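Here the structure comes first, spelled out in structure tokens, and everything after it is commentary.
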Amino acid sequence: MVTEPSPPSPRSRLPHPHRDEVEVVRELHGALPPSLDWRAVMTTASPWVQAARDTPAPFWAMESLLREYPITSAEGLALMRLAEALLRVPDAETAIALTADQLGRADFESSVVEGPHRMLASLSASAIALSKKFLPDADDGDGAGLLKRLGAQTVVAATVRAIQLLGRQFVLGRRIAEAMNESRAERKHDPKLRFSYDMLGEGARTERDAKRYFASYLDAIGAIAGGRVGPSPESADGISIKLSALFARYEDAQRARLFAELMPRVWQLVQAAARANLNLTIDAEESDRLELSLDLVEALAERIAIEFPTWGGFGLAVQAYQTRAPALVHEVARIAKAKRLRFMVRLVKGAYWDGEIKRAQELGLQGYPVFTHKRHTDISYLACAHALLGHAPHIYPQFATHNAGTIAAIVQMARARGAPFEMQRLHGMGESIYREVMRTHEPPPLRIYAPVGEHRDLLAYLVRRLLENGANSSFVHQLADESLATDALLAPPLYAVETRLPGPGQPLPPALYGAKRPNSIGVDLACAEDRVPLYHALASARIGAVPEATATDIEAAMSRLHAGFRSWSATPSAHRAGVLRRAADALQARLPEFCALLVKEGQKTLGDTVAEVREAIDFLRYYAAEADEKLVPTVLPGPTGERNTLRLHGRGVFVCISPWNFPLAIFTGQVAAALVAGNTVAAKPAEQTPFVAQALIGLLHAAGVPSGALALLHGAGETVGAALVGDARTAGVCFTGSTAVAKLINRTLAAKDGPIVPLIAETGGINAMIVDSTALPEQVVDAVVQSAFRSAGQRCSALRLLAVHESVADGVIEMIRGALQELNVGDPARLATDVGPVIDDAAFDELSKHIQRLRREAVLVGEARASSEVPRLVAPIAFELQRIADVKQEIFGPVLHIVRWGGEVDAVVEQINALGYGLTCGIQTRIDSRAQRLASLARIGNVYVNRNMIGAVVGVQPFGGEGLSGTGPKAGGPHYLYRFCSEQTVTVNTAAAGGNVELLAKDDTAAPDVASAP
Ligand SMILES: Cc1cc2nc3c(=O)[nH]c(=O)nc-3n(C[C@H](O)[C@H](O)[C@H](O)COP(=O)(O)OP(=O)(O)OC[C@H]3O[C@@H](n4cnc5c(N)ncnc54)[C@H](O)[C@@H]3O)c2cc1C
């Protein structure tokens, strides 16, 4: 049962996140102060750069290392990978394997380090190179001799120590007291220095983690305040908080819970900071959380205005790399003014650029929420800075940057305005430049953002900083590159008036696949405006009855399709491809309507429906492109006097039988492939989902598929399906469903007289994920929850069996238990719902029985809560079993089986292979060579490393398995169409009529090549 759709969210007060970059940059140029004098900026900043290069800060040694081994090199990547993973690996065996793997692929010996810290950098490089000699050879696999291993343990201990030191460059202390001691020491040199402490930790996955982070923030505020009320937030130390650390589901879809659960937590922190009169800043995170954080800020401001009207310490960070940044600045200022408050706004450029680009590409969004040229981010920063300065006294701007040019420009603009402001830098970064800035005649106030925390919470932060230090476009990186002249380093970001602005620096998501085929366009569900068409469609969608095909209907359809084959197969493949493309465009235009049908008929959640319609569009376009490339006649080489041509054509009537779990995508994929290859198609959708199939058939006919080429035949598998498969006119069968039915079809086809008919079968799997102790538990748990429980576990690719290394199993299992508690199980039409109902009563009963049995026979790990108002909800649940072999069959629902493993990881793959299925597999490890080896050992069709294992993308991850999981070829892959075709070679003796004219007509009068004569 699907209830009414969620009410549309409030309209956004910010521009759309995917605006045209050129248009935004033009506006930004217009918003810059005309008086901005970049010559003066360069004059100010050049001596800073020179001095920083002449006398680097102590930290420089590491920067040198990163410069020498940029993250784009094998060595830099190895360093970053080790920094990200090594510290969390509890078992020596795996730590050795990881270190060997990463150091093994890098060449630390050959580089010659230049620059003032040549000695230090060379020493580090030599140490790493030496370490390699002691380590077991990466190619030996994970097992190595005892002697070698003794040496290896020492090297790993040294590498761990080195990574700890690396991490410590960026962290002020493990606890707040230790950090405050450090800051006291630093203040001895500069009494005006201020700190903003950041209690490391982000992205809580469980309520327990969120509470832990909350306690550490509260504790830190108490320690910073020290029982006193400060004179002003700008003159005292403060705190920075991350909302994602305080709530496991900090997402737009969970808006209601956010206000009920996260808000009271943040308010408690705000109260503590306000009472002590210190600065509390909400850090900026991913762009899909921007609107949400703005709503929270406004709600907090309302309460602050009542309870702490004179406190001016509430703050938030604004990321200039977002195209919406300038609008955000004005909106924040509007709120502050309306509530008669003063906000402290930290302007940053933004730390998640690569993640933002990837998300937009994956979701097929129209554009990017961030600029794609670094220069545009710099321009945006300046425009936002100018705007912030103009909003005094309601805004106290805090400019966070390490870029000398940006700093000089800010100081120039601020001084011109006469508005108060401060500069900020990260602990461990920008020291040398700020040392010079603070030596100037009138140094600006400076605050250091100072992370505090243990190693386990440091890793995500550390990697972001390494990326920042190592990225080619980053100022700190370029500062270290002395081959870059100071003028080039400080070149103005602004464009001359006559300049034509550049196009996107990254291919826009719709153009991801180049000219060959447009990418399908998705919906940004985090964007209120983009959700509106879905809600409208949901409100009007109705599922009607589809008549079942009788024996007479089947007979009529088959004879029509049989008769229609001749003309359809005779149409040029380019014409058939054109029809598919028209259908794709129509489906793209009707995406909301089809999403709504999928919610209502298939019980799918909104996110799943968007992905499914996109997949159907991609299938249509992909097979059209494939037809253009593969179905054209190929002339083959041969002797003179004859022409040999290979041609492909349809086989006849293809029967396509699809399942209910992807009633649109799989249905479309099968039908489109069969049609474009020149077959006529008898399409039998699943009994539970005929309506969406009927809608698609209507769309295909409207796009130009003749009625003699395609027929929908709805009904039970035992009757309609069996009749179609058994029909003498059936020339091929494409089936997706259970292994048992696939075998039945195979036997039926084999028993028939006449030609041997091909069967393409895609069936189920007992899909496993192997996790070793180098994997990041948070990433593992995200992947597990998505793979095992999304779509109520009703995907062929869904995770059924999680094999976790014993050394980390307790922690991972605990986190899965907590993450299960965070899932919303209910009405699929609601945006907040993660897991909807299972497809029908039979599925529900089957799953309930299986769960009852597991409750008796296995150890319950945890389960989600299901709403009682929606029928057929199976709450996601996880059990621990003793052995992999205990998982005997595919359970098609949100039930996860977990086993622990120890010893040789290869043996785990062998046990998984022994289950007989081979559809999907997940591998979570930071040991690259291990991932590659396990993937090649696995007799499995789709292997996913360090990510979830669902949602295969057409043409990107061709989908289909081996063994009990199917016959192949893979759907959405380059070999698929061939299976729908018959092949013909035509050999023409071109010399038959009289002689070989072609040969005789060849010009033989050219002069001999004298130079090459003997
Ligand atoms: C005190 C402090 C607090 C911070 N707090 C936050 C925070 O809450 N949230 C947050 O996200 N970040 C935060 N940061 C990090 C910040 O966003 C920047 O990553 C970092 O400061 C680098 O900017 P820069 O001006 O120092 O260096 P620059 O080298 O001048 O700029 C680098 C930045 O440019 C942008 N960029 C790089 N390549 C491209 C491209 N191709 N197209 C468009 N833009 C590009 C990125 O934002 C990158 O970080 C903070 C930084 C400081 C100093």
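Just so it is clear, the structure is predicted and the values come from calculations on it, not from any experiment. Whatever order the structure lists ligands and atoms in, that order sets their numbers, starting from 1.
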Closest to atom 47 (O) of ligand 1 (judged by heavy-atom distance), picking from Ser196, Gly350, Ala284, Ala317: Gly350

Nearest-neighbour protein heavy atom for atom 20 (C) of ligand 1, which is reported as residue plus atom name and distance: Glu468 OE2, 3.3 Å

Protein heavy atom at shortest distance from atom 29 (O) of ligand 1: Phe475 N, 2.5 Å

Closest candidate by heavy atom, reference atom 6 (C) of ligand 1, pool Leu347, Thr281, Val348: Val348

Atoms in ligand 1 flagged as close to Tyr449, the criterion being non-hydrogen separation under 4.0 Å: 1 (C), 3 (C)

Polar contact flag for Arg465 and ligand 1 (N/O pairs, less than 3.5 Å): no

Contact (N/O only, under 3.5 Å) between His373 and ligand 1: yes

Minimum side-chain heavy-atom gap Leu489-Phe475 below 4.5 Å: yes

Subset of ligand 1 atoms that lie under 4.0 Å from at least one heavy atom of Gln319: 10 (C), 11 (O)

Axial cation check for Phe247 ring with Arg249, 6.0 Å and 45° limits: no

For Phe371, the ligand 1 atoms whose distance to one of its heavy atoms is below 4.0 Å: 42 (N), 43 (C)

Residue-ligand contact Thr406/ligand 1, heavy atom below 4.0 Å: no

Side-chain heavy-atom pair Gln366, His16 within 4.5 angstrom cut-off: no

Taking atom 33 (C) of ligand 1 as the reference point, the nearest protein heavy atom with its distance: Lys349 CB, 3.9 Å

Lys/Arg cation over aromatic Tyr495: Arg375, 6.0 Å, 45° cone: yes

Which of the ligand 1 atoms, numbered from 1, are nearer than 4.0 Å to a heavy atom of Ala351: 10 (C), 11 (O), 12 (N), 17 (O), 19 (O)

Ligand 1 atoms in contact with Asp283 (distance to a heavy atom under 4.0 Å): 8 (O)

For Ser474, the ligand 1 atoms whose distance to one of its heavy atoms is below 4.0 Å: 29 (O)

Gln779, CD atom: more than 12 neighbouring heavy atoms under 6.0 Å: yes

For atom 24 (P) of ligand 1, closest protein heavy-atom neighbour: Thr401 OG1, 3.6 Å

Numbered atoms of ligand 1 (with element) below 4.0 Å of Tyr352, judged on heavy atoms: 11 (O)

Backbone of Ser287 reached by a side-chain donor or acceptor of Arg324 within 3.5 Å: yes

Nearest non-hydrogen partners of Ile224 and Gly238, listed with the distance: CD1-O, 3.5 Å

Atom CZ of Arg175 with >12 non-hydrogen neighbours under 6.0 angstrom: no

Proximal ligand 1 atoms for His402, defined as those under 4.0 Å from one of its heavy atoms: 21 (O), 24 (P), 25 (O), 26 (O), 53 (C)

Atom 3 (C) of ligand 1 - nearest protein heavy atom and its distance: Arg346 CD, 3.5 Å

Close side-chain approach of Arg19 and Glu27, heavy atoms under 4.5 Å: yes

Among Met429, Lys374, Glu286, Glu285, closest by any non-hydrogen atom to atom 39 (C) of ligand 1: Lys374

Nearest-neighbour protein heavy atom for atom 38 (N) of ligand 1, which is reported as residue plus atom name and distance: Ser473 OG, 3.5 Å

Side-chain touch Thr377/Trp353, heavy atoms, less than 4.5 angstrom: no

Pro444 side chain reached by Phe421 side chain, heavy atoms, under 4.5 Å: yes

Over all atoms of both residues, closest heavy-atom pair of Gly405 and Leu490: N-CD2, 3.6 Å

Identity and distance of the protein heavy atom lying nearest atom 44 (N) of ligand 1: Thr377 OG1, 2.6 Å

Just list the side-chain donor-acceptor pairs under 3.5 Å for residues 342-349, sequence neighbours left out, or say none.
unit_1: Arg342; atom_1: NE; unit_2: Gly312; atom_2: O; d: 2.9
unit_1: Arg342; atom_1: NH1; unit_2: Glu234; atom_2: OE2; d: 3.4
unit_1: Arg342; atom_1: NH2; unit_2: Glu234; atom_2: OE1; d: 2.9
unit_1: Arg342; atom_1: NH2; unit_2: Gly312; atom_2: O; d: 2.9
unit_1: Arg346; atom_1: NE; unit_2: Gln424; atom_2: OE1; d: 2.9
unit_1: Arg346; atom_1: NH1; unit_2: Asp283; atom_2: OD1; d: 2.9
unit_1: Arg346; atom_1: NH2; unit_2: Ser240; atom_2: OG; d: 2.7
unit_1: Lys349; atom_1: NZ; unit_2: Asp378; atom_2: OD1; d: 2.9
unit_1: Lys349; atom_1: NZ; unit_2: Thr406; atom_2: OG1; d: 3.0

